[in-house]
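Scope of the values below: all heavy atoms of this structure, side chains included, with no hydrogens, waters or symmetry mates. Here is how names work: the chains are called A, B, and so on, in the same order as the sequence lines, proteins then strands, and each is numbered from 1.
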Amino acid sequence: MVPLNWYLYLSSVIFVIGVVGFLIRRNLIIMFMSIELMLNAVNISLIAFSHYIQDLKGQIMVFFIITVAAAEAAIGLAILVALFRNKNSINTDDIAIMKG
Amino acid sequence: MQELFLLIPLSPLITFFVNIIFGKNYIKDNAHIVAILGVGVSFVVSILAMIEVLSGNVYNYDVYSWIVSGNFKVTIGFLIDQLTAIMLMVVTSISLLVHIYSVGYMHGDKGYYRFFSYLNLFTFSMLMLVLSNNLLQLYLGWEAVGLCSYFLIGYWYEKKTAADAGKKAFIVNRFGDFGFGLGVILIFLYIGSIHYSDIFANVGGLKGHTIYILGYNVDLITLIALLLFCGAVGKSAQIPLHVWLPDAMEGPTPVSALIHAATMVTAGVFMVARFNPLFNLSEIAMMVVALTGAITSLFAATIALVQNDIKRIIAYSTVSQLGYMFLACGVGAYGAGIFHLYTHAYFKALLFLGAGSVMHAMAGELDIQKMGGLKKYMPVTYWTFLIASLSIAGIPGLAGFFSKDEILWLAYNAGPVGKVVWLIGTVVAGLTAFYSFRIVFLAFHGNFRGTHEQEHHLHESPPSMTVPLIILAIGALAAGWVGIPSVLGGHNQIGHFLEPVLGHPNVSASHSEEIKVMAISVAIASLGIFISWFFYVKKPIIPRLLARWFNNIYKILWNKYYVDELYEYIFVKSSFLLSRAFLIGFTDMKVIEGIVNGIPKAIGRFGGFLSKLQTGQLQHYGIGMALGLFIVYTIVLILTK
Amino acid sequence: MIQAKFPLLSVLIFVPVVGAILVALISRQRENLIRSATLFITLIVFLISLSLFTSFDKTTRSMQFVEVYEWVPTFGIKYFLGIDGISVLFILLSTLLSVLCVTISWFSITKKVKEFYASLLLIEGAMIGVFCSLDLFLFYIFWEAMLIPMYLLIGVWGGPNRIYAAIKFFLYTLVGSLLMLIGIIVLFLIGGGTFDLLKLMQYNYPYHIQLLLFWAFFTAFAVKVPMFPVHTWLPDAHTEAPTAGSVILAGVLIKMGAYGFLRFSIPLFPDATISMAPVMMILSVIAIVYGGFICLGQTDLKRLIAYSSVSHMGFVTLGIFALNTQGLQGGILQMINHGIVTGALFLCVGVIYDRTHTREMADYGGLATVMPVYSAFFMVFTLASIGLPGTNGFVGEFLILVGGFTASKPLGVIAATGIIIGAAYMLMLYQKVFFVETNEKVANLKDMDKREILTLLPLLILVLWIGVYPNAFLGFMDESVKGVLERIDMQNQSVDLIEKLLEGLK
Amino acid sequence: MIIVPPPFPNLTPFIPELIVLSVAMVLLLLEIWVKNRVFIAGICILTGFAVIYCLNMSIGITFNGMFINDIYSVLFKIIFMVCLILTVLISLNYIDREKPIRGEYYSLLLFATAGMMLMASAKDLMVLYLGLELMALSTYILAGIKTLNIKSNEAAIKYFMLGAFSSAFLLFGISMLYGLTATTDIYLIAERLKDTERSLPLILSMIMIVVAFSFKIAAAPFHMWSPDVYEGAPTSVTAFLSVGPKAAGFAVIGRVFYIAFEGIQPDWTTAFIIISVITMAIGNIVALAQTNIKRMLAYSSIAHAGYILIGIVTSTYESLQAVINYLMIYTFMNIGAFAIVILLDKGEEIQDYNGLSKHRPLVAAIMLLFMFSLVGIPPTAGFIAKFNLFVSAIHGGQIWLVVIAVIFSAVSAFYYLRVVMNMYMKDPLVEEHQIHLSPSLGFAIFITVVMVMVLGLFPSLII
Amino acid sequence: MTTVEYFFIYFAVSMVFLSLLIITVKNPVHSILLMLVLFFHIAGLYLFLNAEFLAAVQVILYAGAILVLFLFVIMMLNLKEELVSHRFIGEWPVGVAIGLSISLFCIFAISHFQIKYEGNMTIEIIKTLTNTKALGKILYTEFLLPFEIASIILLIAIVGAIVLAKKEQS
């Protein structure tokens, strides 16, 4: 039997990779995907918990997270499209008119 | 009677208000009528007061309570006793004469009404001073006369020197008042009252009492006495606060006569005499008073030797004579001091008014070197001036002689300190005779040395001026006759008269010695007059030679021992330097303002810096968040165990 | 406590406030109506306040004209007004100076007239409120509420550097009063959940708490007074403010600090007050001498008078922290005096500033010839400022010196030097402006007109009245001061405070 | 196996949300036919009042204990409704002016409000998360609703990206918490955590949740999105954002931390103390450097979050009450200030306000009132808010935090006063300040002014 | 080590590797494709954890819908520029460092993780009920409210997408 902690380690490593991806990539889509990575990492840990503590709430949670992720994707990408129309770029360097 | 005495100070006060409010537009050139009326009333009532006192009635009553704060109770009240009565006479009579004199002297001045109202105000203040039955009212009069002096010295305020002189007088006096005020407070603290009667009744209980000040035990009575004496030093222009009086001559001459010779400057002497029960209890204080007086009189007399400004010479002479009075008080001869005050008032006022008369004729010229031979142009002035000079020189029979000899004789009797001050006093008597006659000879004898225009202009003064001169001359002649000592067959009425207030000085030596002392001083005075005659009439070259030979001494004397310059550096310049360079420039602007403005500025800069961190780059925001997480987590782990 | 039959104090507070609203409703073009309306309102308030003067019961130390209503029951906050002998005079002073501020600004304020007079009225209401409040919360509300109109007054109608001055004034006082707010809250919490001053005064708080609270209140009051070294807002604010602003600032506003010490610090924290009194006195004495010396080096008229306030307020705090009858009474009286005299001096400066628009002393000279009446008025106020006997300044100053000297001899001596310096700088000022040869720039100035004379005359009368018969005013505070002293129980203390402090340091 | 049909849940406690959600959906449809914006706005406002009316009647727990409508949530919902009503009032003309803003605007506002209400009422972390996302997604759209405006796009993308980023943290925290307690019910978590000793995973999960919520309330250093978003979003949305989501964030903070994390109170207090101090410092200090008034107000709202956090940190019943009061008052004064920004034709830069008092004295006076209220000067409501908060905080022993808050509120005076200074003490840069006064905007300003004054003078109305 | 563990290690290693690739490769299209692979791995992992339904959802919804959407958007956008510009921000080491330290925290914290409470849904029950049914039962009863909210969220997603992405004719 795989210990629970293994899953958790895996989850947190992927989570942190997501974080790092968000922090270092300039491309908005990749950043967005990094966020998806983080969400998936959380999903892994939730399902693992759900399994090990013998409770289905974790899985339900994952279900909702996936739903929300879908909604987020729709909206996020829509914003991205709108932005791209005006800016012709999806690089974060280019979307820094507001600062200070 | 008590209500009537209220008129003494009030009538000049009322006329002051009348003149100052209505003078400019309504009364104008008739201001003197109102003013003289005011002073005249007080003079008359003062005579009544004198009569009352002579008949043995002494008044001490409160008019209304002025300040009541806890146990600190001050009233406005009158104490009319022998001392006050004499002072009243001196003040009101001289004031009246000066008022009359001013009618002629100030004629045509644009501030005519203002001048008279100031004089009234002064008279009021001086009367409040002498009438007071408590220290704070004395202080009120004290400051008020200072104020009037300030106004009158700076009367011609467009002249910078006049304005400066007024300011100087006021501020220098404040130095004295500083001590005086502290003395008053100390008296209140330890006696619990500042009424004369309470003070004199309880002051004995303070004997041997010391207070602890910054590590020293100081005898309380001595301290109080010296603090009070501080005030006297300021007001009566003694060393080291004498510097204002010569400058005060910037004021109109009648003012010099009234305020800076006869009345105000003698307030210090009056006060010391008034507090004789206190001073008597402290030997040190007495010694200080005597020595200060003696040294001042010598110091001022030496300066007077070489000055050329007629009013300045008389001013230094005043300083010197005031020193004499303090000398008297310091040796316990308060009666003699007051006697001298009284005679001095007449002959010194006369000298000033005479000088004023000369100035009037000379169109404001003050330098005696540029006068000469005025005798024939203005005989009344000459003769009265001569009488005054003889009187101040101490020629027997005249007023000055009696009072001065009383002082010298009593000093002679007063132990070792007394001997020293007697010696100084005698020397000063000679010097006094010399410089007084220096004026007489240079101004009135010989040939006229001024310009032709001046010569053309020379004339005797109008009656309004000469009449007061004559009256004062009578005073200078005869005022001393109330104090003829027993050795000369008199009864010294004034001394006995004042005894209830001022006490009786100890006299141990014999009559023959008194004659000896008297002879010495007369001889020295005569010698002074002779030398003066020799120098300025007989061989006018000698003074110039002397000035050349003893150039250094001459310079020091001519520059008044450089005291003014010294003070200028120590007090004035350094204060301004401290103020501008250090306090304003450094402490306030750099340190405090630096902090006050610096903190917001630093915060603002920091804000600018932080705002730069907000780059607009999405990742940086993310990094911020991650970093925040990191920091918060770390701190939580560290802080909460 | 004597309940009011008629809510006189509320009327005094709210008539100006309502008046401000009414004035704000008047059409902008009708400037003269605005002015007259304001004058009318301030006069009404002044007349109403005179009834305080006549119906005040001097024989009791308890609060009079008391009005109590529940306000915020959750926090035990009450609308609690009342005055005693300490506050009554300040109310009169405030109402009087308000009237004068209106008249002196009649022609000199030409822009945003409506706002100006509305602000002035708001300030008046708040000032009166500060002096009547017996509920700490209410007090704080008024205390702070005044900042807004005052900030505008300086910043909108002030001199060239007005914005800097306004912000400095605002921030300085805000920092101080916010710390006081904390103090008030702490007091509320340890004092049994009430802001009622009279109730809070009945407790004895632990010493260390007293000490902390004392300093918390101190920051607010010291800034307002202003004590050394937090005084630097004052020269800027006074200098840049319009005449009315300077008058209010100097006349009333800075009194609030000292009033606060009297009303709050001393009765609430008696032990802390006693132990901190030497420090306070030292600061006061520094202020006296420091302020005085700085005045010597000034070239700007208003700045000089402003710094002289620092010096004079040093006397006030010295008197207060001498903690004896003479000191306290002198301190209170001196506050009134300073309000009158410095207010008058600023009014006077306003008179010529309106004509010449310069504050530099060097631009004047010889005004005594050009404007004799004016110079006479100015002279009297100058004399009062330097504490000449017969004027009000003397009585206050002398009592303070008596009190200060009683509490500490060395400090009393140093404080007394203030009278020398005071004479020096005021006479310097007077000489530069009024004496010497007439400066061509001012040769054609007109003397004061009737409006200006009428503005200054009441103050002149007060100067002399208090100088000659101060008992009329001292009588008001007698009982209340006794009350304060009983609270700290220092009536008979004769220990030299400085010696005590030095001992403590050893 | 027989499937037992579940009992129909009691909908009474859910009525307010139901109203909002259904109106929102109806509006989506109505939008197509009804072109009259006033009508739609009117419906929104009516909805707000209807909700307020229903709130007290609908107290209770429902949906298997996932949803709770208690006094706490009622108070927050009132704030949300006030926020909604005022936002609608100030939006009415503004969104026509700032073409093109699409008609879905109002439904989105309602959806966001519903999300906030769900957050306040969530008894289960799942509901909480979904409510939060409901709110967040709606506000992302709102921020970017000016699709042709680059700033609006940028605001939306920044808000969205960072919002998603932060909710990932929230999920991480929730998952940890779930692992530790095997439940998502907040009250059950509390019970179970009481028996659990403090462990590192618990702290980690707590910190993650702290981060996510701090993001929502724009507390430093998780605040960096807010100035940009506030500046870029349409002003009416900014007004909404600066109040609603913030209040909702505080609502969940209160619920989650006071209840669920009661056992490790020292830990999260420490975390929030740090965040509070940093927030007050950064909010106030950086605001000094701003030239755009929306940005400045953004920083000001950051700073206010810092003050409010003091109430959270104190963690007493009365401090929580103070937080709610603060938010209530803050709603009025902040939306009021934004209303003025909207009112002016050119009102985004601080220097646009120069000399406003000359041309528009009343507008200037009102702005002055809001500015002083934001500083916390009596007799405005802002003072009462601060006062109440400070009292509770000092009572709870957080005196040093209060001292810091006080010092920073003195700093804050500087930038608020700068607006006043520009309005009153500087000369106008423009010939005439144009304003766009509409009845609804005027009404909104009127309400806010009255409330700021009345609550300042009669605080017993709310405390 | 059991087979399950070997499988886990395979999954774990490849998932980490894939994730790293996703955030480092230059071409976004490659990233998405890699992500697709990753999602399949995740779905596989779910099967180990008795989450068959979610494994299916993962594949259908995530891989099938969301990623396609991503791909679709990328195709719409201008890719050429992306391929020539830098892929990392200048401060990437900072990001990496912070990421590393957070991961250290997480791993350290997780090493202390212990399960204390257990639910009643044992694997046996789920197995008898089948995962989908068990989930569905809870979802429609106990989790009715979240379920409804989720539906609204999806509605908003639709609205939002329309509002934002629709071309405006100005």
Side-chain angles (χ1 to χ4, degrees), chain B residues 69-70 214 575-641, chain D residues 154 157-162 165-166 169 172 198 200 203-204 206-208 210-212 214-215 219-229 231-232 264-275 278-279 281-291 295 298-299 407-408 410-411 414-415:
Chain B
S69 169
L214 296 177
S575 292
F576 279 99
L577 198 70
L578 175 73
S579 171
R580 295 219 173 95
F582 185 71
L583 294 181
I584 298 178
F586 179 72
T587 325
D588 231 42
M589 289 300 156
K590 290 269 158 56
V591 179
I592 300 177
E593 287 283 81
I595 293 170
V596 168
N597 292 332
I599 289 175
K601 211 174 271 173
I603 293 176
R605 287 226 180 104
F606 189 52
F609 167 71
L610 286 179
S611 144
K612 286 219 181 73
L613 291 183
Q614 184 95 8
T615 52
Q617 178 100 0
L618 206 45
Q619 282 81 4
H620 294 164
Y621 297 1
I623 289 175
M625 286 175 67
L627 205 62
L629 178 127
F630 176 75
I631 292 167
V632 172
Y633 191 44
T634 317
I635 295 179
V636 168
L637 283 186
I638 292 168
L639 284 188
T640 52
K641 281 278 141 57
Chain D
E154 187 178 322
I157 196 76
K158 280 180 176 165
Y159 194 16
F160 171 77
M161 280 292 175
L162 291 165
F165 189 57
S166 83
F169 281 102
F172 192 93
R198 177 178 173 273
L200 274 181
I203 304 291
L204 181 65
M206 183 272 288
I207 295 290
M208 291 289 186
V210 165
V211 169
S214 301
F215 175 86
F222 315 104
H223 68 287
M224 295 170 96
W225 59 276
S226 72
D228 292 1
V229 173
E231 188 187 340
I264 50 165
Q265 195 241 19
D267 295 277
W268 62 261
T269 336
T270 316
F272 277 128
I273 287 176
I274 302 159
I275 293 174
I278 300 179
T279 306
I282 288 192
N284 285 314
I285 292 175
V286 184
L288 295 173
Q290 301 307 317
T291 55
R295 257 190 120 71
Y299 280 106
I407 290 168
F408 280 118
V411 173
F414 195 84
Y415 57 85

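When the candidates D:T270, D:L288, D:I207 are compared by the number of heavy-atom contacts under 4.5 Å with chain B, D:I207 comes out ahead. For the options D:D228, D:I273, D:I274, heavy-atom pairs under 4.5 Å to chain B are most numerous at D:D228.
Legend: residues meeting side chain to side chain contact (heavy atoms under 4.5 Å, CB included) with B:F576, ordered by chain and number and at least two apart, are B:V572, B:R580, C:L296, C:M428. Checked against side chain to side chain contact (heavy atoms under 4.5 Å, CB included), D:L200 has the following partners two or more places apart in sequence or in another chain: B:Y633, B:L637, E:F108, E:A109, E:H112. D:E231 pairs by the side-chain hydrogen bond (donor to acceptor under 3.5 Å, both in side chains) definition with D:K151, D:R295, not counting sequence neighbours.
Both the backbone and the side chain of D:S166 come within less than 4.5 Å of a heavy atom in chain B. For chain B, the nearby parts of D:I285 are the backbone and the side chain; heavy atoms of each come within less than 4.5 Å. Only the side chain of D:F169 comes within contact range of chain B, with heavy atoms under 4.5 Å apart. Of the two parts of D:I203, the backbone and the side chain both hold a non-hydrogen atom closer than 4.5 Å to a non-hydrogen atom of chain B. For chain B, the nearby part of D:Y299 is the side chain; its heavy atoms alone come within less than 4.5 Å. Contact annotation for D:F165: only side-chain heavy atoms (C-beta onward) come within less than 4.5 Å of a heavy atom of chain B.
Two residues are said to be in side-chain contact when any heavy atoms from C-beta on lie closer than 4.5 Å; B:V632 and D:V211 fail this criterion.
The line from OG1 of D:T269 to CG of B:L639 is 11.5 Å long, rounded to the nearest 0.5 Å.
Closest of all the heavy-atom pairs between D:A289 and B:S611 is CB-CB, 4.1 Å.
Residues of residues 613-629 of chain B lying under 4.5 angstrom from chain D, judged on non-hydrogen atoms, are B:L613, B:Q614, B:G616, B:L618, B:H620, B:Y621, B:G622, B:G624, B:M625, B:G628, B:L629 by number.
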